[in-house]
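Working notes, beginning with the structure itself.
Note on naming: letters A, B, ... go to the chains in the order of the sequence lines (proteins, then strands), and numbering restarts at 1 for each one. Being a predicted model, the structure only gives us computed values, none of them experimental.
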There are 2 protein chains.
Amino acid sequence: MNEMEIFRALSDSTRRAVFERLASGEKNATELREGLNVSQPAISQHLAILKEAGLIRVRREGRNANYSVAPDGLEPLFAWLERYRSFWPARVERLQHLLKEMDQ
Amino acid sequence: MNEMEIFRALSDSTRRAVFERLASGEKNATELREGLNVSQPAISQHLAILKEAGLIRVRREGRNANYSVAPDGLEPLFAWLERYRSFWPARVERLQHLLKEMDQ
DNA sequence: GAAATACATAAGCGCATGCTTATTCAAAGC
DNA sequence: GCTTTGAATAAGCATGCGCTTATGTATTTC
C-alpha cells in the first residue's frame with residue numbers, strides 16, 4: 001500500500017531533509033549528500049526509499065542521477081487526510097468550506 | 001520534534017486503523033481492539049504512541065479509558081505540508097489560492 | 001585502455017520496533 | 001472481602017531499519 005510507504009518514508013529525518021532539499025530544484029546524489037553527515041551508500045538507500053514511495057523521481061544523465069520531487073507525489077497523503085476532514089485544523093476546514101461553495 | 005512523531009505514529013497500519021476507528025467517535029480500549037488481531041497490551045502500546053504524538057486524547061471514566069481524536073492533532077502535519085505547497089496536488093493548490101484572495 | 005568519478009548493491013552490525021506472555025493496578029460487581 | 005473486568009506496565013523475543021565498509025557497474029577523462 002502506497003499510503004503506508006509514504007508515512008514510513010517521511011518518518012525518517014534524514015529523508016525529510018533530502019526531500020526538503022529537492023524542493024528548491026533538481027539535485028544529484030552527491031549534491032544531496034553535502035552537509036548531511038551520512039555516507040554515500042546511506043544517501044543512495046534513502047533516495048531509493050523516497051523513490052519507491054513515489055515522492056521523488058530520477059533523471060539519469062551519464063553517470064549522474066538527478067533527483068527531483070515527483071509531481072503530485074504527496075497526493076496519497078492528501079487522499080488519506082481527506083478521510084479525516086472533520087478533524088482538520090480550523091483554517092484548513094475554512095478552505096474546504098469555501099471550495100464547496102465555489103463548486104455550487 | 002513533534003513532526004517526526006506524527007509521521008512515525010502514522011507509519012504503522014494498526015495505528016492508522018485505530019485512528020480511523022476513532023474518527024467515528026470516542027471509544028474505549030476494548031472497543032478499539034475488536035476486529036484487530038492483536039493482544040490487549042499491543043493496543044495499549046499503540047494508543048500510548050498515538051497519544052504521545054498528539055493525535056488522540058484520553059478521558060478516563062472509572063476503569064475505562066475513552067479515547068478520541070485530538071482536536072487539531074493533525075495540525076503539525078499540515079504545517080509540514082505547507083512548506084511544500086508548490087508540490088501540492090492541483091486541487092489543493094486551488095484551495096490555497098482561494099484563501100489568499102480571501103485574506104486580502 | 002587505465003584511472004577516476006558517480007552511483008548502486010551486498011553484507012553485516014547495533015538498535016529500534018512491534019509483538020507476545022506475565023504481572024500489576026484500579027474500579028465494579030457479587 | 002473476593003472475584004472479575006479494563007487497562008497499563010514489564011520483560012523478552014524476532015524482525016525491521018539505518019548505518020557502515022566493501023564491492024560492483026557504468027560513464028567520463030586522460
Pick out the pairs of N or O atoms, protein on one side and nucleotides 23-27 of chain D on the other, that lie under 3.5 Å.
none

Minimum-distance nucleotide (side-chain atoms of B:S44 versus C:dC19, D:dA7, D:dG18):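 Of the candidates, D:dA7 comes closest.
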How close or far is atom [atom2] of [N] from atom [atom1] of [X], stated in whole angstroms?
X     : N      : atom1 : atom2 : answer
B:I49 : C:dG18 : CD1   : C1'   : 8 Å
B:L47 : C:dC19 : CG    : P     : 12 Å
A:F7  : C:dT17 : CZ    : C1'   : 18 Å
B:E5  : C:dA16 : CD    : C1'   : 15 Å
B:E52 : C:dT17 : CD    : P     : 12 Å
A:I56 : C:dC7  : CD1   : P     : 12 Å
A:D12 : C:dT17 : CG    : P     : 11 Å
A:R59 : C:dA6  : CZ    : C1'   : 15 Å

Residue mapping more 5' on DNA chain D - nearest nucleotide basis, A:Q45 or B:A42: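 Of the two residues, B:A42 wins.
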Pairwise 5' ranking along DNA chain D for A:H46 and B:A48, keeping only the more 5' one: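 With A:H46 and B:A48 compared, the 5'-side residue is B:A48.
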Within residues 21-34 of chain B, residues whose heavy atoms come under 4.0 Å of DNA chain D: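 Heavy-atom contacts with DNA chain D come from B:N28, B:A29, B:T30.
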Sugar-phosphate, base or nothing in reach of A:A65, heavy atoms under 4.0 Å: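 Sugar-phosphate: the residue A:A65, judged by heavy atoms under 4.0 Å, touches backbone atoms but no base.
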Under 4.0 Å: is that the gap between some side-chain N or O of [X] and OP1 or OP2 of [N]?
X     : N      : value
A:S39 : D:dT20 : yes
A:T14 : D:dC19 : yes
A:R8  : D:dG16 : no
B:Y67 : D:dA8  : yes

Residue list, salt bridge (charged side-chain N to carboxylate O under 4.0 Å, His left out) with A:R63, at least two apart or on another chain: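 By the salt bridge (charged side-chain N to carboxylate O under 4.0 Å, His left out) rule, A:R63 matches no residue at all.
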hydrophobic_cluster_shared for A:L81 and B:I56, side chain cutoff 4.5 Å: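 Same hydrophobic cluster.
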B:K51: side-chain hydrogen bond (donor to acceptor under 3.5 Å, both in side chains) partners, not counting sequence neighbours: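 Testing B:K51 for side-chain hydrogen bond (donor to acceptor under 3.5 Å, both in side chains), a comparison that skips the adjacent residues, returns none.
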With B:S24 via side-chain hydrogen bond (donor to acceptor under 3.5 Å, both in side chains) - residues at least two apart: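 Checked B:S24 against side-chain hydrogen bond (donor to acceptor under 3.5 Å, both in side chains); matches are B:K27.
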Side-chain touch B:D12/A:R8, heavy atoms, less than 4.5 angstrom: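 Side-chain contact under 4.5 Å: no.
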Contact list for residues 29-49 of chain B, test salt bridge (Lys or Arg N to Asp or Glu O under 4.0 Å), sequence neighbours left out: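 Every candidate salt bridge (Lys or Arg N to Asp or Glu O under 4.0 Å) pair involving residues 29-49 of chain B fails, so no pair, neighbours aside, qualifies.
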Distance (rounded to the nearest 0.5 Å) between B:L47 CG and B:R15 CZ: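 Reported to 0.5 Å precision, the distance equals 10.0 Å.
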Check residues 66-80 of chain B and write down every donor-acceptor pair under 3.5 Å in which the side-chain atom is one partner and the other belongs to a residue at least two apart or another chain.
{"from": "B:N66", "atom 1": "ND2", "to": "B:R59", "atom 2": "O", "distance (Å)": "3.4"}
{"from": "B:N66", "atom 1": "ND2", "to": "B:E61", "atom 2": "OE1", "distance (Å)": "3.0"}
{"from": "B:S68", "atom 1": "OG", "to": "B:R57", "atom 2": "NE", "distance (Å)": "3.1"}
{"from": "B:E75", "atom 1": "OE1", "to": "A:R91", "atom 2": "NH2", "distance (Å)": "3.3"}
{"from": "B:E75", "atom 1": "OE2", "to": "A:R91", "atom 2": "NH2", "distance (Å)": "3.1"}

Residue pairs passing the ring pair (Phe, Tyr, Trp, His ring centres under 6.0 Å) test where at least one lies in residues 40-63 of chain B, sequence neighbours excluded: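 Qualifying pairs, neighbours excluded: none.
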Residues which pass side chain to side chain contact (heavy atoms under 4.5 Å, CB included) with B:T30, listed by chain and number, not counting sequence neighbours: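 For B:T30 the side chain to side chain contact (heavy atoms under 4.5 Å, CB included) partners, ignoring immediate neighbours, are B:N28.
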